[in-house]
Amino acid sequence: MALPEVKQSATEARLSALSLPESGCLKSAREAALSRVQTMGLPSRRDEYWKYTKPDTLVQASAPKAAVFDADEAPMFSAFERLNIVFVDGVFDAEASDDLSLEGVTIDRIEDICCKDIHWAKDLYGVLEARGQTPVERPLAALNTAFASDGVAIRVTGKVSKPINFTYVHSDENSDAILHHVIRVETGAEVTILENGPAASRFNKCMEIDVADGGKLHLVRAQGRDHERRAATHLFARLGNESVFKSFTLTVNGVLTRNEAVIELTGDDAVAHIAGACVGDGDFHHDDTVFITHDAVNCESRQVFKKVLRNGATGVFQGKILVKEGAQKTDGYQISQSLLLDEDSQFLAKPELEIYADDVACSHGSTSGAIDEEGLFYLRSRGVPHAEATDLMTLAFLAEAVDEIEDADIAADIVSRLEGWLARRR
Amino acid sequence: MLEIKNLHVKLEDEDKQILNGVDLTVEAGKVHAIMGPNGSGKSTLSYVLSGRDGYEVTEGSAELEGEDILEMEPEERAAAGMFLAFQYPVEIPGVGNMTFLRTAVNAQRKARGEEELSASDFLKIIRAKAKTLKIDADMLKRPVNVGFSGGEKKRNEILQMAMLEPKLCILDETDSGLDVDAMKLVAEGVNALRDEGRGFLVITHYQRLLDHIKPDVVHILANGRIVKTGGPELALEVENNGYAGILAEEA
Ligand SMILES: Nc1ncnc2c1ncn2[C@@H]1O[C@H](COP(=O)(O)OP(=O)(O)OP(=O)(O)O)[C@@H](O)[C@H]1O
Ligand SMILES: [Mg+2]
């Protein structure tokens with residue numbers, strides 16, 4: 001079927017600005033992804049899935065200019081023992097990165113997948129993304145698979161002693177980065193992955209994560225604090241028996257962020273927690289779009305998303321739990337809430353449940369509200385000044401999401417960033 | 001200590017007058033009790049004194065140690081020494097009880113130009129005070145009042161009072177919802193704070209609390225006005241005969 005003309009021309013305009021990288025063994029994966037893009041067309045405002053978020057600037061041929069933000073604080077997670085991998089405007093920076101060897105894990109650039117003949121990565125690249133295109137199309141992810149210019153392949157084979165940290169640096173106000181990481185956590189292996197930094201003026205990032213039986217992956221990412229950048233990220237995860245995948249995302253500022261998470265629980269007794277906390281002030285649009293598929297028995301999924309919005313900021317949540325036939329004993333939980341610090345801000349939520357099994361417990365809730373005046377007065381009556389009391393209540397609101405982070409030090413770092421954000425707005 | 005003169009208060013959003021000229025002076029070192037029928041304006045008086053939104057003072061004044069408190073923000077009143085033990089303590093999910101109290105104590109100290117308490121000093125003090133009120137460590141860690149029983153909430157109010165060491169303590173029905181033993185604990189907590197320099201305004205419906213916290217003066221508030229003032233015997237009279245007699249006498 002032909003695409004609507006507007007979509008067709010927008011897609012062509014974008015594609016004409018890109019060329020498929022030389023990529024040997026990934027060639028067919030990239031070409032297949034390109035043809036998916038051509039068939040689906042890139043997102044437009046008319047698409048139901050983009051009803052609340054305008055995709056225009058994510059789709060247009062070149063990246064809108066974004067000033068490089070000069071943060072007056074240490075980069076996140078920098079105090080931790082970690083293996084640091086640095087990308088500047090979407091290009092791997094070997095100089096700035098640590099030596100990539102670490103016990104229990106192998107890390108390679110995707111451009112080396114073919115010359116080093118890394119089978120598992122070849123077999124994963126673009127595969128989960130392609131699976132994630134049904135029942136809902138995600139053309140920006142297919143675009144990513146086709147054109148990603150860099151990224152890493154991480155294979156985790158043991159319990160890794162320290163987190164692997166991605167530092168994304170934005171240095172060019174016109175940069176347009178497309179990164180693609182593939183991660184495989186082998187049976188019983190365990191790793192924590194951290195990500196932080198603004199990456200580029202426009203950032204399209206895709207992460208495909210395959211967690212084998214009993215594997216564990218904790219992902220904590222921090223997007224921000226720069227104001228002008230735009231980001232579209234996709235997380236595709238497939239979970240085996242008794243595996244655990246927990247992800248938390250902090251988003252601070254940014255004119256446009258769309259984070260999609262597509263999780264498939266394919267093994268029995270698997271656990272997936274996807275959480276996010278975002279704080280936005282003024283020209284801020286943040287969209288969490290989550291699709292969790294239960295396709296095995298006795299799995300647990302939790303979605304916890306909290307947004308603090310002020311001065312006309314917009315928050316979007318689209319979250320779906322799909323329980324397939326036979327996925328009995330599913331325990332699905334979803335909560336999305338916004339705290340509106342004034343009347344100009346808005347929160348748009350579309351929570352969905354689709355259930356084809358009869359022995360499941362699924363719940364979802366979505367709320368939007370102002371600071372609780374009773375609580376605020378109670379704090380003030382004890383001598384806590386108005387601004388401080390408001391901040392305490394705001395952090396309390398975000399706590400349920402932050403509590404999803406297992407590591408106390410990482411959680412503390414996240415909380416301190418939130419405190420800083422609030423303090424700068426007093 | 002506290003001097004209220006001819007205080008008239010109406011609801012901000014409604015044309016409803018609640019206090020109709022309250023005159024009340026609480027001296028330092030004294031305990032004043034306020035009794036009165038439901039809806040007579042006792043909680044309203046305590047809220048207006050502590051600075052809650054939603055009320056409008058149309059006439060009269062209230063001073064704490066000679067300072068006009070009605071113009072102050074709630075936190076300024078707290079720093080000036082005002083404390084209200086709420087009739088219905090508020091639950092605040094996500095804010096730890098301990099964090100809350102430490103923030104409050106240090107905010108007040110800062111506002112008064114005093115040095116902040118170190119984490120370890122604070123911990124020492126709060127542990128000791130919590131123990132005398134039979135508040136366990138778990139309750140200190142939990143979010144403020146969330147999931148506390150009625151009695152636990154009231155004890156938590158007294159713990160806050162003990163930590164903040166205010167000059168004027170208003171207790172709004174702190175006895176309601178307390179079992180006999182808890183009432184004793186709370187009364188002991190209050191009595192421990194009785195001091196030359198501190199005044200108390202104890203709002204209650206029952207003589208029972210006043211057996212434990214002996215008031216110097218008892219007032220009857222009805223229809224937004226103090227209609228009768230007397231000694232402890234007035235509370236006994238209410239306990240035995242209700243308000244009908246007193247109200248008829250005043251009418
Ligand atoms: N925010 C409000 N909105 C509407 N009515 C109010 C409000 N606050 C107080 N009132 C009314 O004012 C009157 C006095 O209320 P208040 O709570 O002060 O009574 P009280 O003496 O403390 O009663 P109780 O003994 O039941 O605690 C009541 O009629 C109450 O309904
Ligand atoms: Mg009352």
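Throughout, protein chains are lettered first and strands after them, A, B, ... in sequence-line order, and every chain is numbered starting at 1. Quick caveat: nothing in here was measured; it's all calculated off a predicted structure.
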### Query
Can you name the closest pair of heavy atoms from A:S381 and B:A78 and give their distance?
O-CB, 3.4 Å
### Task
Spell out the residues in residues 123-142 of chain B that have some non-hydrogen atom less than 4.5 Å away from a non-hydrogen atom of chain A, in order of number; otherwise answer 'none'.
none
### Message
Would you say that more than 12 heavy atoms from the other residues, nucleotides or ligands in this model lie under 6.0 Å from the CD of A:E343, or not?
### Response
no
### Summary
So, the part of B:V105 with a heavy atom under 4.5 Å from chain A: the answer is neither
#### Entry: Per-residue contact mode, A:E388 against chain B (heavy atom under 4.5 angstrom)
side chain
### Task
Select one option (side chain, backbone, both, neither) describing which atoms of B:N145 are under 4.5 Å from chain A's heavy atoms.
side chain
### Which portion of B:P143 sits near chain A, non-hydrogen atoms under 4.5 angstrom
neither
### Task
Hey, could you give me the OH/CD distance between A:Y378 and B:E91, rounded to the nearest 0.5 Å?
10.0 Å
### Query
How long is the gap from CD1 on B:I92 to CG on A:L379, to the nearest 0.5 Å?
4.0 Å
### Query
Within the side chain of A:R382, is there an N or O that forms a donor-acceptor pair under 3.5 Å with the backbone of B:L84?
yes
### Query
Below 4.0 angstrom, N of the basic side chain to O of the carboxylate: do A:E374 and B:R52 qualify?
yes
### Message
Around atom CD of B:E115, are there more than 12 heavy atoms from other residues, nucleotides or ligands closer than 6.0 Å?
### Response
no
### Message
Between A:F377 and B:F86 (judged by ring centroids, cut-off 6.0 Å), do the two rings come close enough to count as a pair?
### Response
yes
### B:E75 side-chain N/O to A:H386 backbone N/O, donor-acceptor pair under 3.5 Å
yes
### Task
For each of B:M82, B:M163, B:Q160, B:R77, tally heavy-atom pairs with chain A at distances under 4.5 Å, and name the one with the top tally.
B:Q160
### Message
Just checking B:E71: does its CD atom have more than 12 heavy atoms from other residues, nucleotides or ligands closer to it than 6.0 angstrom?
### Response
no
### Query
Closest heavy-atom contact between A:V384 and B:A107?
CA-CB, 4.2 Å
### Message
Tell me whether the count of non-hydrogen atoms from other residues, nucleotides or ligands lying under 6.0 Å of NZ in A:K320 goes above 12.
### Response
yes
